[in-house]
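Atom set for the values below is all heavy atoms of this structure, side chains included, hydrogens, waters and symmetry mates excluded.
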Protein chains: 4
Amino acid sequence: MEFKKSLSIFEQIGMSVQENIINQDWQEGERIPSVRDYATSIQVNPNTVMRTYTLLQDQGILENRRGIGFFVALGAKQKTVQHRKDQFAEEFLPELFKNMDQLEINWDEMKNYYQNWKNQKIS
Amino acid sequence: MEFKKSLSIFEQIGMSVQENIINQDWQEGERIPSVRDYATSIQVNPNTVMRTYTLLQDQGILENRRGIGFFVALGAKQKTVQHRKDQFAEEFLPELFKNMDQLEINWDEMKNYYQNWKNQKIS
Amino acid sequence: MEFKKSLSIFEQIGMSVQENIINQDWQEGERIPSVRDYATSIQVNPNTVMRTYTLLQDQGILENRRGIGFFVALGAKQKTVQHRKDQFAEEFLPELFKNMDQLEINWDEMKNYYQNWKNQKIS
Amino acid sequence: MEFKKSLSIFEQIGMSVQENIINQDWQEGERIPSVRDYATSIQVNPNTVMRTYTLLQDQGILENRRGIGFFVALGAKQKTVQHRKDQFAEEFLPELFKNMDQLEINWDEMKNYYQNWKNQKIS
DNA sequence: GTGGTCTAGACCACC
DNA sequence: GTGGTCTAGACCACA
């Protein structure tokens with residue numbers, strides 16, 4: 001797995017876990033990969049994965065059954081979506097709009113960028 | 001001057017300098033405040049301002065005349081805008097579009113958010 | 001480690017690092033000494049080594065894995081040599097040729113000097 | 001006049017003055033431009049030119065007649081050439097040879113560079 | 001343990 | 001006065 005340098009690794013792992021939950025690759029109630037397995041599979045220190053898991057546990061998205069492993073909490077998907085939506089609206093959008101104003105980018109340009117991104121994603 | 005904790009101080013100073021150039025508060029070819037002066041005025045260590053200035057110098061936005069001071073480079077405004085626009089398109093937008101897809105937000109909602117933000121900004 | 005006063009210390013450290021890479025004392029992909037370790041070993045402030053490392057990182061000669069350390073980038077040797085060769089051709093040689101013309105020194109004299117230098121180096 | 005950042009301005013002016021003497025644009029015994037005139041003509045602080053003149057005076061290349069101005073000393077040309085030749089042999093050449101060895105550049109390549117430089121100079 | 005940032009204070013060459 | 005470098009020491013987040 002490749003990481004951007006702009007965000008800490010454990011947070012990037014968190015994003016990835018959340019996506020797995022949203023996409024229902026990891027179903028609610030299901031057991032997820034152990035800290036050690038996941039760590040080796042993405043070439044990362046187990047401590048780092050541990051940090052991610054406990055963070056998500058504190059947020060009520062994961063649950064830990066001692067001696068067994070981590071599980072996707074019930075209602076995790078809905079909670080995750082809400083969480084990200086809040087974050088999106090409060091942190092991301094203001095930044096976006098500020099940039100649009102300063103760089104004088106209008107909605108048509110935005111939609112243009114969007115189409116490019118979609119096409120590029122497919123290829 | 002107040003700083004957010006999320007971004008390093010010297011980078012925030014850099015943003016601020018760039019805005020001064022874009023707004024033409026600091027004209028191209030003009031001498032900008034000396035490292036020491038600017039540092040005291042924004043209550044920061046001179047080394048920190050120095051770091052910002054030399055960084056912008058490397059980017060071709062500032063120039064330096066020995067023993068005299070730093071100056072806004074010719075073409076700095078255009079370069080700054082382009083710089084930011086590239087960064088916006090390459091780092092910010094993909095993130096945005098990914099979120100829009102995953103959170104199922106369409107353009108009408110976006111414009112709605114934008115209006116709210118504008119109104120909120122005025123009040 | 002001893003330093004000349006004519007060049008800044010952090011640049012001299014940079015030269016030294018590059019030589020280590022060219023000589024393959026530090027292999028590509030290998031981890032290099034931590035900032036603190038290297039600093040104490042050459043009797044210099046950690047900040048100074050830090051400055052060197054980040055500079056070389058910007059030049060694509062070193063890489064950084066978060067919380068682990070600095071590594072010699074892949075292709076670093078070739079890049080370093082090219083880097084130096086360019087600099088040599090663009091900054092050093094014109095100066096040389098200008099002097100040769102003005103001081104009326106021909107190639108035979110040059111080769112003579114070269115032999116003397118080689119002999120002196122051995123003794 | 002344009003200056004490189006690698007060398008201090010007063011030294012670069014010194015080089016330029018010496019070239020004028022070697023090329024006999026400034027003849028021995030002749031009065032040279034006043035500090036103020038020269039300074040304005042090359043867009044530099046008079047103090048800087050003064051520093052150059054007094055330095056060359058200390059080296060016996062210029063002479064100062066109080067209230068009148070600076071003059072090219074008798075024997076200045078020969079002295080200048082010798083001065084530069086010494087500097088060339090002691091400081092410049094060792095650096096050159098070290099680079100040639102490390103970058104594995106042979107005499108044929110050098111002559112090649114030389115031809116390119118000559119052609120480029122004409123165009 | 002690692003890098004990364006920031007401060008305080010000193011010293012230098014240069015203009 | 002200006003930039004530029006270096007040190008010493010502190011604190012932080014991350015792995």
message = side chain to side chain contact (heavy atoms under 4.5 Å, CB included) for B:Val49 and B:Ile42? Distances and angles first, verdict last.
response = CA-CA 9 Å; B:Val49 173; B:Ile42 60 178; 4.3 Å; yes
Report each atom pair, protein N/O against N/O of nucleotides 12-15 of chain E, whose distance is under 3.5 angstrom.
{"unit_1": "E:dC14", "atom_1": "OP2", "unit_2": "D:Arg51", "atom_2": "NH2", "d": "3.4"}
{"unit_1": "E:dC15", "atom_1": "OP1", "unit_2": "B:Arg66", "atom_2": "NE", "d": "3.3"}
{"unit_1": "E:dC15", "atom_1": "OP1", "unit_2": "D:Ile9", "atom_2": "N", "d": "3.0"}

Ignoring hydrogens and geometry, is there a side-chain-to-backbone donor-acceptor pair from [X] to [Y] under 3.5 Å?
X       : Y       : result
A:Thr40 : A:Arg36 : yes
D:Glu28 : D:Lys77 : yes
C:Asn23 : C:Asp25 : no

task = Could you label the plane-to-plane angle of the C:Tyr38 and C:Tyr53 rings as parallel, tilted or perpendicular, counting under 30° as parallel and over 60° as perpendicular?
result = parallel
Residue met sooner reading DNA chain F from 5', once A:Val44 and B:Ile32 are mapped to nucleotides = B:Ile32
ask   = Between B:Thr54 and C:Gln43, which is nearer to the 5' end of DNA chain F once each is assigned its nearest nucleotide?
value = B:Thr54
key: Set of salt bridge (Lys or Arg N to Asp or Glu O under 4.0 Å) partners for B:Lys98, sequence neighbours left out   = A:Glu19
Which residues share a salt bridge (Lys or Arg N to Asp or Glu O under 4.0 Å) with D:Glu11, sequence neighbours left out = none
query = Using a cut-off of 4.0 Å on non-hydrogen atoms, how would the nucleic acid contact of C:Tyr53 be classed: base, sugar-phosphate, or nothing?
reply = nothing
With a 3.5 Å cut-off and sequence neighbours excluded, list the donor-acceptor pairs that the side chains of residues 60-68 of chain B form with protein atoms.
{"unit_1": "B:Arg66", "atom_1": "NH1", "unit_2": "D:Lys5", "atom_2": "O", "d": "3.0"}
{"unit_1": "B:Arg66", "atom_1": "NH1", "unit_2": "D:Leu7", "atom_2": "O", "d": "3.0"}

task = Taking Watson-Crick and G-U wobble pairs with both distances under 3.5 Å, convert DNA chain F into its dot-bracket string, 5' to 3', dots for unpaired and | for cross-strand pairs.
result = ||||||||||||||.
query = Above 12 or not: heavy atoms from other molecules or residues under 6.0 Å from CZ of D:Arg31?
reply = yes
request  = First locate atom CD1 of A:Ile13, then atom CZ of A:Arg51, and finally report the distance between them rounded to the nearest 0.5 Å.
outcome  = 10.5 Å
key: Segment of DNA chain F, first to last nucleotide, that comes within the 4.0 Å heavy-atom reach of chain A   = F:dC14 to F:dA15
